[in-house]
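Structure first, then comments.
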2 protein chains.
Amino acid sequence: MLPSPGAGPTTGHDLTEAVLRPARGYHAFEACVEQLAATIRLGVYPLGSTLPSERELSERLKVSRSTLREAMAALREAGLVETRRGRGGGTVVTLKPRTPSARAAARITEGKRQDWLDSLVFRRIVEPGAASLAARATLDEGALAQLDEAHEDVARARRPAEHRQADSRFHLTIAALTGSHRMVEAVTSVQATLHEMLLAIPVLEANIHHSDRQHASLVRAIRRGNHDRARAVMEEHCDDTAALLRGLLG
Amino acid sequence: MLPSPGAGPTTGHDLTEAVLRPARGYHAFEACVEQLAATIRLGVYPLGSTLPSERELSERLKVSRSTLREAMAALREAGLVETRRGRGGGTVVTLKPRTPSARAAARITEGKRQDWLDSLVFRRIVEPGAASLAARATLDEGALAQLDEAHEDVARARRPAEHRQADSRFHLTIAALTGSHRMVEAVTSVQATLHEMLLAIPVLEANIHHSDRQHASLVRAIRRGNHDRARAVMEEHCDDTAALLRGLLG
DNA sequence: GGGTAAAGGTCTGAGTTCATACCAATTCGC
DNA sequence: GCGAATTGGTATGAACTCAGACCTTTACCC
């Protein structure tokens, strides 16, 4: 029912509570730090690789170079990157991927816990959707090679920390195969949160083999264009992780 | 394969092109205008309803009151709202919902066209996912009433412009039923883009009846907790709209 | 070796955004 | 009617962000 004109203040739509969210995260500076740190921690830029130049990055992130430089300084100070000047110089990643269980669970606020649970719910929709779309898409040789490479990386990784990064890259690669910017953004956000959870919650990745089998099934389904199967496998994959994490979050 | 340390500049990960996106949209001011305008146009605040006070809105949107007020001034100037001072005053919506076909297609840039197509792809994943989640959730009486009301609104709406707003509210309501912030945000974004498309592309909503039957099926499936059916119906619903729009976009 | 190109480092002035007061108008409750 | 509460309107100074120009360092090329 439409509220009558002039009705009381804030006609009781529950929708409005859900829809009106922060228009913009923090400052540009913090947004840059977060995004770059996430990109590095997720292994998009692995140890030893060189980030794009400051000028290019500032253009990509749509912030001024000054602001980007402040963000870089923060990353440098935090020990994620190192910078060399001059031609051929640039900023290289020095962060060794951390072992998931290495850090004790920081104080988890109730807000954070809610956000994490939310993230698991959203992931269960978005990632299977990405898998389904990727399976539907007609993939050229380059794309298939990219998928295989990402899969081999994760299958080959031995140490937990490296496995974690390769896993993120694998999931992001699938999202990228869909060709949808929004999909990539959604999966990036979800993976970043997932990564945060895995760092904060000491959980033994006991079932890496299990996970790898699912990855292999996923790649097969995508290559065959079997989108229902791709979605189903990814759903199971998400459910397995989520069950583990939810158990530890209460 | 992990790139060797010190390898050339920007080791050729295609992922990075997809992942590094603008860290922050334009200015806070513009973000507010866009979000509020979208909220109003989508009918979350219908004609005649009163927006929350400036102080509350600025807190919700996480911007200063000054900035919010500039956004409000823009909305006022654009004729979307009117403002009265004093206790019991506030800002009321004066925008009559526009008839979709009323405006000629503005010059559609290639970038915008791509974004629109992207949005349709993402919607096809997100909204069926929301429907599925909503069907899984245990809904209390209030939630069910909210769903029914949104459905009745859209079924009752006669004029195209009102139907459009009610339709947006219906879809947003389903998203809200999932209880997931990210889901609401995703559906809001997708619906805003959809709304923009429908305004720019003169398309006769010839099949309102067809659409309404799908809505009814959707509500039934959600109430019964039949999540597979809910997802399937929503997928069909999205596909129908998308086919129409894609045809007109080339 | 010298020139050029490419990268980070520095500076500056204008524009935005913010937090925090305080003012003005209007309504509600007694 | 009158005071208190609520709402929009105004003002100010600090902090942040931006765009652009210019400097310094370093590697590559001839």
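Each chain gets a letter, A, B and so on, in the order the sequences are listed, and its residues count up from 1. Small disclaimer: the values here were computed from a predicted structure and weren't measured.
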So if I take every side-chain heavy atom of B/R55 and compare against C/dA7, D/dT7, C/dC18, which nucleotide ends up nearest? D/dT7
A/R60 bridged to A/E56 by N-O distance under 4.0 Å: yes
Which listed nucleotide (C/dT17, C/dG9, C/dA7) is nearest to the side chain of A/R65? C/dG9
Tell me the interatomic distance from B/L68, atom CG, to D/dT7, atom C1', rounded to whole angstroms. 13 Å
Salt bridge present between B/E185 and B/R182 (N-O < 4.0 angstrom): no
So, B/D115 and B/K112, do they make that salt bridge, N to O below 4.0 Å? no
Roughly how many Å is it from NZ in A/K62 to C1' in D/dT17, rounded to a whole number? 16 Å
Could you say whether A/G86 or B/E70 is positioned toward the 5' end of DNA chain C, judged by the nucleotide with the nearest heavy atom to each? A/G86
Distance-only donor-acceptor test (3.5 Å): side chain B/R69, base D/dG8: no
Candidates C/dC18, D/dA21, D/dC18 - which lies nearest the side chain of A/S66: D/dC18
Taking CE from B/M72 and C1' from C/dT17, how many angstroms apart are they, rounded to a whole number? 17 Å
Of the candidate nucleotides C/dA19, D/dA19, D/dA4, which contains the atom at the shortest distance from the side chain of B/R87? D/dA4
Would you say the base of C/dT26 and the side-chain of B/R85 have a donor-acceptor pair closer than 3.5 Å? no
Toward the 5' end of DNA chain D, by each residue's nearest nucleotide, B/T83 or A/S64: B/T83
A/L57 atom CG is separated from D/dC18 atom P, nearest whole Å, by 14 Å
Whether the side chain of A/T173 engages the backbone of A/R169 through a donor-acceptor N/O pair (distance < 3.5 Å, no angle test) should be reported. yes
Between D/dC18 (C1') and A/E54 (CD): distance, integer Å: 15 Å
Using a 4.0 Å heavy-atom cut-off across all strands, classify B/R84 as base, sugar-phosphate, or nothing. sugar-phosphate
